[in-house]
There are 2 protein chains.
Amino acid sequence: MPCCPPLTERMLTAEEAERTAAMFKALGDPVRLRLFSAVASAPGGEACVCDISDVGVSQPTVSHHLKKLKEAGLLVSERRGTWVYYRVEPGVLAAMGHLLMAPVPTDR
Amino acid sequence: MPCCPPLTERMLTAEEAERTAAMFKALGDPVRLRLFSAVASAPGGEACVCDISDVGVSQPTVSHHLKKLKEAGLLVSERRGTWVYYRVEPGVLAAMGHLLMAPVPTDR
DNA sequence: AGCCTGTTTCGATGTTCGTCAACATAGACG
DNA sequence: CGTCTATGTTGACGAACATCGAAACAGGCT
């Protein structure tokens, strides 16, 4: 059950835009987008921080970005022993895809 | 022909992330997102600036945001007489939808 | 000219990004 | 237990960037 109707259906309300923009904003940084795709494409659907820290910035910066992705509702984290694993919040990809889906793809 | 593989396929390269993040970033502002949805949902696929200026900010600010959406490759504009019309850059919605599409939706 | 629609320039205010240092948590080892 | 080492998180700071509106500007119609 997505948060908002497709962008092509009608103009979003201010509240809808606020919520939805927060997600797009989280993916609107190259480092965060790479981190997200690293988690999303990881085998088993999850990735340890130590496995995805090679994105060109320092490790604390990675942690800051992961926190933002978490606050945006895109990732969830779980500590297992020494390591912290991140995975994609279920349903998020489908919800965002739904937002961008045109009702009739190659028509208009 | 999308710019990048789905986010679930593999970790994006730095260049791919740079290009793609620019689009998400453009939609990562509530005002811009509303403007974009206003254009995307407009009858005929296009909207005059004067029709979508009621988003709670001044008209110059609307112009600023429309410019950013244009620079991000999400909108195109055309002047016809007194008015300027904006429409969604063809293929953009499908390309971004493709990015977020999981290979097997409700499986994992 | 006068009017209308949009854009651009400019400056003030606020936000984001990246790093260093300090802290928290978990395991290993004596 | 105490200490050491490894993995992540948090706080604080400066530099860079984004947002917004008032005013000035540009293009088109009558």
How many whole angstroms separate atom [atom1] of [X] from atom [atom2] of [N]?
{"X": "B:E78", "N": "C:dT5", "atom1": "CD", "atom2": "P", "result": "19 Å"}
{"X": "A:K67", "N": "C:dT19", "atom1": "NZ", "atom2": "C1'", "result": "16 Å"}
{"X": "A:L27", "N": "C:dT16", "atom1": "CG", "atom2": "C1'", "result": "16 Å"}
{"X": "A:H64", "N": "C:dC23", "atom1": "NE2", "atom2": "P", "result": "16 Å"}
{"X": "B:L33", "N": "D:dT19", "atom1": "CG", "atom2": "C1'", "result": "16 Å"}
{"X": "A:L69", "N": "D:dT9", "atom1": "CG", "atom2": "P", "result": "12 Å"}
{"X": "A:W83", "N": "D:dT5", "atom1": "CH2", "atom2": "P", "result": "18 Å"}
{"X": "A:F24", "N": "D:dA18", "atom1": "CZ", "atom2": "P", "result": "19 Å"}

Give one of base, sugar-phosphate or nothing for [X], where a contact means two heavy atoms less than 4.0 Å apart.
{"X": "A:R32", "value": "sugar-phosphate"}
{"X": "A:H65", "value": "sugar-phosphate"}
{"X": "A:K25", "value": "sugar-phosphate"}
{"X": "B:Y86", "value": "sugar-phosphate"}
{"X": "A:S63", "value": "base"}

Handout entry: Given DNA chain C, 5'-ward residue of the pair B:S53 and A:S58, judged by closest heavy atom
Key =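 This one resolves to B:S53.
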
Practice task
Apply side chain to side chain contact (heavy atoms under 4.5 Å, CB included) to A:V55 and A:H65, showing your working.
Solution key: CA-CA 11 Å; A:V55 287; A:H65 283 305; over 6 Å; no

Problem - Exercise: identify the closest heavy-atom pair between A:S37 and B:M11 - result: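 Between these two residues, the closest heavy atoms are OG-CA, 3.4 Å.
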
Problem - Closest non-hydrogen atom pair, A:A26 against A:L74 - result: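 Closest pair (atom of A:A26, atom of A:L74, distance): CB-CD1, 3.8 Å.
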
As a test of reading the structure: which of [options] is closest to the side chain of [X], going by heavy atoms?
{"X": "A:P60", "options": "D:dG28, C:dA21, C:dT7", "value": "C:dA21"}
{"X": "B:T82", "options": "C:dT7, C:dC4, D:dG8", "value": "C:dC4"}
{"X": "A:K68", "options": "C:dC17, D:dT9, C:dT8", "value": "C:dC17"}

Exercise for the section: Please step through side chain to side chain contact (heavy atoms under 4.5 Å, CB included) for the pair A:L35 and A:V39, ending with a clear verdict. Expected result: CA-CA 6 Å; A:L35 288 172; A:V39 172; 5.7 Å; no

Practice task
Please tell me if the side chains of B:V49 and B:Q59 come closer than 4.5 Å, counting only heavy atoms from C-beta onward.
Solution key: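 Counting from C-beta outward, B:V49 and B:Q59 do come under 4.5 Å.
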
Practice task
Please check the phosphate of C:dT19 (OP1 and OP2 only) for any side-chain N or O of A:T61 closer than 4.0 Å.
Solution key: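 Yes, within the criterion.
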
